[in-house]
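Let me begin by presenting the structure, written as structure tokens, before commenting on it.
By convention here, the first residue in the shown sequence is residue 1. All values reported here derive from a predicted model rather than from experimental measurement.
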Amino acid sequence: MKAFVFPGQGAQFSGMGSDLYESNSNARKLFDDADNILGFKISQIMFHGSDEDLRRTDITQPAVFLHSIAVATAMGDEFKPDMVAGHSLGEFSALVACGALSFEDGLKLVAARARAMQKACESNPGTMAAVIGLADEKVQEICDSVQSNGLVVVPANFNSPGQIVISGSLEGIEAACPLMKEAGAKRALPLSVGGAFHSPLMTPAREELAIAIDSTEFHTPRCPIYQNVDAKAHTNINEIRSNLVKQLNSPVKWTQSVLTMIADGAEEFTECGPGSVLTNLIKRIRG
């Protein structure tokens, strides 16, 4: 069975998508449509903007989404998924790719999500850190102990065995990283991100996103989507909506999602989007 996966924020790079724009008429139409839907030339920021421009959450998220859908579109008849999944933001790309959302509605939701997250980042400053070489349970235990002292820090991304991203307040991350190293982590490295994604600090964004999702039309997907919050296959649109909202301040269970997909028969994984972050994670998960 064929699984198609879609990356999230962090996969972006300057120049992304320009080759697709030049070489594929269907992809070109998507870029032109996106410029009109968003009301600004996101295509030009993607093709010619600086890395700094592309790091802004309100630019990054629609840019990665647009690139991912353009890649899937350019594949033509080769794009025939038996199952799909996306990492964080990539879940919206996956939903468009499997027919649960139209391209326009997906892009509008991603833009709304990005704006809500940007606002939450500004009102509740926070950050994230990568923890390498420590068991999931130990990372959770340390986060719990730091939180018992009144600081915010939680596991945010279970990316692959021994690679977890934690998220929280600046003070929470600052307190947790040395404890992770003391417990045996090879690295506990703060990341250059705009906020504490997938943590309780995103709760205001969750409420705003819920309103946008409730007013958007969803369709039954052509194949199951494995969602981040529970790592399970979903085709029921009410469950999909609910999980999309919960995702904002819940951990991304990527390791668990990939293992479930493999158990359900996934033999071939194809990444649609900029870079190969998910492809590399899946190799580690498979061992």
Side-chain angles (χ1 to χ4, degrees), residues 1-24 27 30-31 43 45-47 49-51 53-55 57 59-76 78-98 110 128 130-133 156-165 186-187 189 191-193 197-198 223 225-228 231 252-262 266-287:
M1 294 175 76
K2 291 185 177 182
F4 286 79
V5 295
F6 299 81
Q9 197 162 336
Q12 70 278 358
F13 61 90
S14 183
M16 60 190 281
S18 58
D19 55 337
L20 288 166
Y21 189 89
E22 295 299 331
S23 64
N24 187 281
L30 285 179
F31 285 103
S43 60
I45 299 174
M46 292 168 68
F47 303 162
S50 66
D51 290 338
D53 293 331
L54 283 166
R55 267 200 293 270
T57 297
I59 298 295
T60 305
Q61 294 196 18
V64 172
F65 167 87
L66 173 54
H67 188 277
S68 296
I69 299 304
V71 169
T73 300
M75 291 176 72
E78 290 179 32
F79 186 79
K80 288 182 179 174
D82 297 303
M83 54 182 78
V84 294
H87 189 288
S88 188
L89 158 73
E91 202 157 87
F92 289 83
S93 312
L95 284 166
V96 172
C98 70
V110 166
M128 304 174 83
V131 179
I132 308 297
N157 300 344
F158 293 95
N159 285 333
S160 66
Q163 185 182 329
I164 298 173
V165 174
K186 293 176 184 173
R187 276 183 291 168
L189 187 69
L191 301 174
S192 177
V193 295
F197 306 138
H198 301 289
C223 66
I225 176 166
Y226 289 70
Q227 291 192 274
N228 293 172
V252 173
K253 296 181 177 178
W254 187 250
T255 299
Q256 299 90 326
S257 296
V258 172
L259 289 173
T260 306
M261 294 168 89
I262 291 168
E267 297 165 328
E268 183 183 326
F269 286 85
T270 301
E271 184 168 1
C272 296
S276 55
V277 171
L278 298 184
T279 300
N280 293 330
L281 291 179
I282 290 165
K283 285 177 184 172
R284 293 194 195 106
I285 293 166
R286 283 177 140 172

Pairwise side-chain contact, [X] with [Y], heavy-atom cut-off 4.5 Å (strictly under):
X: His87; Y: Val277; result: no
X: Val84; Y: Cys98; result: yes
X: Asn157; Y: Trp254; result: no
X: Lys80; Y: Lys2; result: no
X: Val71; Y: Glu271; result: no

How long is the straight-line distance from [atom2] of [Y] back to [atom1] of [X], given to the nearest 0.5 Å?
X: Asn280; Y: Asn159; atom1: CG; atom2: CG; answer: 11.5 Å
X: Phe65; Y: Gln12; atom1: CZ; atom2: CD; answer: 15.5 Å
X: Ile262; Y: Ile285; atom1: CD1; atom2: CD1; answer: 7.0 Å
X: Thr60; Y: Met16; atom1: OG1; atom2: CE; answer: 8.5 Å
X: Ile225; Y: Phe4; atom1: CD1; atom2: CZ; answer: 14.0 Å
X: Ser257; Y: Glu91; atom1: OG; atom2: CD; answer: 8.0 Å

Indicate the atoms forming the closest heavy-atom contact of [X] with [Y], along with that distance.
X: Ala63; Y: Leu54; value: CB-CD2, 4.3 Å
X: Ser88; Y: Val252; value: CB-CG2, 4.1 Å
X: Gln9; Y: Gln61; value: OE1-NE2, 2.9 Å
X: Ala74; Y: Leu20; value: CB-CD2, 3.8 Å

query: Between Gln163 and Ile132, is there a donor-acceptor pair closer than 3.5 Å when you use the side chain of the first and the backbone of the second?
result: no

message: Within the supplied structure, the quantity of interest is the number of heavy atoms (other residues, nucleotides, ligands) at a distance under 6.0 Å from Arg286 CZ; does it exceed 12?
response: yes

